[in-house]
Amino acid sequence: MYGILLVAIVTHAAVPLLLQALDVLHCVHDLGSLSETRAVCHFIFQLSRYKSQWQFALPAQHRDLLRAVVQLSGSCVAVLSKRATLKRAVKTMYASGLLPPEQGPPGDKKASKVVIMATGGMECEDDDAWVTTTAAYQELLNGLLSILTLCLATLKHYSPCLEDLLMDGKVDLAEYPPLYALSLIPPSVDYTTPSSLATLTLCLSTGLAIIKMDPGSKVGTPSKSPIKSPPPASSRDLASVQKRAEVLCLLEHAIIVLLSQATRYLVDPSVDPHAKQILKKELANELEHFCQELILSLTRKAGVPSPGGSNILKTPSAGSLHESRSGALLAEQRIFKLAELFAKQFLK
């Protein structure tokens with residue numbers, strides 16, 4: 001069924017439209033375009049499950065779209081790692097009239113001044129703290145996270161199976177050509193820098209930074225007293241935990257793709273041994289830092305109850321919150337285990 005759908009939709013006429021949607025500059029200045037890009041990424045993710053048939057039927061279109069997904073992943077990481085870029089994008093939306101005024105901060109004079117400044121009007125102090133509280137900013141942030149997660153989930157289908165690598169360390173080099181350049185140059189928004197392994201390491205640090213900045217991560221640990229019951233879970237708590245789970249899903253995809261792509265270089269006999277040693281050293285540093293931060297995420301008081309240390313299950317309204325937190329905890333543990341096993345096997 002998907003083979004027929006692929007031939008029917010991904011034609012020479014459709015590919016330019018799909019490639020346009022896979023441009024981060026196309027989606028960051030318009031929330032409508034953001035939804036369009038997310039839909040295209042989801043479509044390509046579904047098609048990637050049948051990558052062999054796709055590559056055989058339409059090799060040129062397959063190659064172009066895969067390259068675009070890799071570049072889009074790098075651009076999304078570049079945008080998410082620089083909050084100033086997100087803030088400028090939201091300001092531009094307000095200044096261009098793409099967002100209704102009621103979505104902005106009501107009665108905030110600084111907000112209106114900033115918009116006037118963005119349109120070339122009077123000069124004023126650029127106090128943009130209000131931007132991060134707008135619905136548009138959160139929608140843009142969540143949309144880019146979703147797009148990046150879909151990109152990495154797609155690229156997992158084009159990377160060697162990490163579980164197999166950890167078992168025997170063998171890779172079919174012909175079946176899995178490298179997706180990211182063997183370089184540690186950070187990605188750029190405007191595609192001037194090719195996506196490299198630094199894209200994936202920056203993705204890890206960016207995801208951890210998002211978790212740290214989430215207000216919900218500052219909530220104290222639920223009370224351990226058997227007398228006091230924890231307060232009912234609010235919608236804000238649920239949204240915070242859901243956001244944390246989504247970022248952890250992104251981190252899991254990122255660590256799998258990073259380790260798979262790195263292993264592909266490490267076992268390739270054509271790669272210079274000196275380059276392999278540099279890659280091992282940099283990966284060891286990055287993974288050590290990442291694991292340390294992940295351990296802090298596991299142990300800090302982020303509202304994740306310790307085993308047997310809370311009555312949270314006795315509060316009916318908190319059931320879904322506890323379930324989400326438990327799932328997030330398991331995701332963190334899976335990610336840490338993957339990084340630990342890889343370091344022991346390939347970075348000795």
Q) Mind checking what makes side-chain hydrogen bond (donor to acceptor under 3.5 Å, both in side chains) contact with S146, not counting sequence neighbours? A)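 side-chain hydrogen bond (donor to acceptor under 3.5 Å, both in side chains) check on S146 returns nothing, list empty.
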Q: For R83, check side-chain hydrogen bond (donor to acceptor under 3.5 Å, both in side chains) against everything at least two apart and list the hits.
A: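 side-chain hydrogen bond (donor to acceptor under 3.5 Å, both in side chains) list for R83, sorted by chain: Y137.
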[X] side chain near [Y] side chain, heavy-atom distance below 4.5 Å:
{"X": "L283", "Y": "L258", "result": "yes"}
{"X": "L66", "Y": "L155", "result": "yes"}
{"X": "L72", "Y": "T37", "result": "yes"}
{"X": "T149", "Y": "H253", "result": "yes"}
{"X": "S35", "Y": "R38", "result": "yes"}
{"X": "L165", "Y": "L259", "result": "no"}
{"X": "L144", "Y": "L148", "result": "no"}

How many angstroms lie between atom [atom1] of [X] and atom [atom2] of [Y], to the nearest 0.5 angstrom?
{"X": "N285", "Y": "E288", "atom1": "CG", "atom2": "CD", "answer": "6.5 Å"}
{"X": "E246", "Y": "N142", "atom1": "CD", "atom2": "CG", "answer": "6.5 Å"}
{"X": "K156", "Y": "S48", "atom1": "NZ", "atom2": "OG", "answer": "10.5 Å"}
{"X": "L140", "Y": "K87", "atom1": "CG", "atom2": "NZ", "answer": "13.0 Å"}
{"X": "L208", "Y": "L251", "atom1": "CG", "atom2": "CG", "answer": "5.5 Å"}
{"X": "L31", "Y": "M93", "atom1": "CG", "atom2": "CE", "answer": "4.5 Å"}

I need the minimum non-hydrogen distance between [X] and [Y], along with the two atoms involved.
{"X": "Q71", "Y": "P194", "value": "NE2-CA, 4.1 Å"}
{"X": "P187", "Y": "A78", "value": "O-CB, 3.8 Å"}
{"X": "C151", "Y": "S73", "value": "CB-CB, 4.1 Å"}

Q.
Going by side chain to side chain contact (heavy atoms under 4.5 Å, CB included), E252 matches just one of L250, I256, L248. Which one?
A.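 That would be I256.
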With clusters defined by side-chain heavy atoms of hydrophobic residues (ILVMFWY) lying less than 4.5 Å apart, directly or transitively, does [Y] cluster with [X]?
{"X": "V79", "Y": "V90", "answer": "yes"}
{"X": "L179", "Y": "I44", "answer": "yes"}
{"X": "L182", "Y": "Y158", "answer": "yes"}
{"X": "L80", "Y": "V257", "answer": "yes"}
{"X": "V247", "Y": "L150", "answer": "no"}

Q. For D164, which residues count as a side-chain contact (heavy atoms from CB on, under 4.5 Å) partner, sequence neighbours excluded?
A. C161
Q: Go through the steps for L34 and I147 under the test side chain to side chain contact (heavy atoms under 4.5 Å, CB included), then give the verdict.
A: CA-CA 9 Å; L34 184 74; I147 289 170; 3.8 Å; yes
Quiz: residues 171-178 side-chain donor-acceptor pairs under 3.5 angstrom, not counting sequence neighbours:
from, atom 1, to, atom 2, distance (Å)
D172, OD1, A174, N, 3.2
D172, OD1, E175, N, 3.3

**Q.** Working for side chain to side chain contact (heavy atoms under 4.5 Å, CB included), residues D23 and L19
**A.** CA-CA 7 Å; D23 187 341; L19 292 174; over 6 Å; no
Counting distance only, does the side-chain N/O of [X] pair as donor-acceptor with the main-chain N or O of [Y] below 3.5 Å?
{"X": "T199", "Y": "G74", "answer": "no"}
{"X": "S195", "Y": "Y180", "answer": "no"}
{"X": "Q261", "Y": "L197", "answer": "no"}
{"X": "Q138", "Y": "T132", "answer": "yes"}

(Q) Are there over 12 heavy-atom neighbours, none belonging to K51, within less than 6.0 Å of that residue's NZ? (A) yes
Q. Pairs in or reaching into residues 267-278: which pass side chain to side chain donor-acceptor pair (under 3.5 Å), with residues at least two apart or in two chains?
A. R264-D268, D268-S270
Q: May I have the step-by-step check of side chain to side chain contact (heavy atoms under 4.5 Å, CB included) for F45 and V69, ending in yes or no?
A: CA-CA 10 Å; F45 166 69; V69 169; over 6 Å; no
Q: Check the pair K243, L145 against side chain to side chain contact (heavy atoms under 4.5 Å, CB included), reporting the backbone distance first and the verdict last.
A: CA-CA 10 Å; K243 173 80 168 290; L145 285 173; 3.8 Å; yes
Q.
List the residues meeting salt bridge (Lys or Arg N to Asp or Glu O under 4.0 Å) with R67, not counting sequence neighbours, and say none if there are none.
A. D64
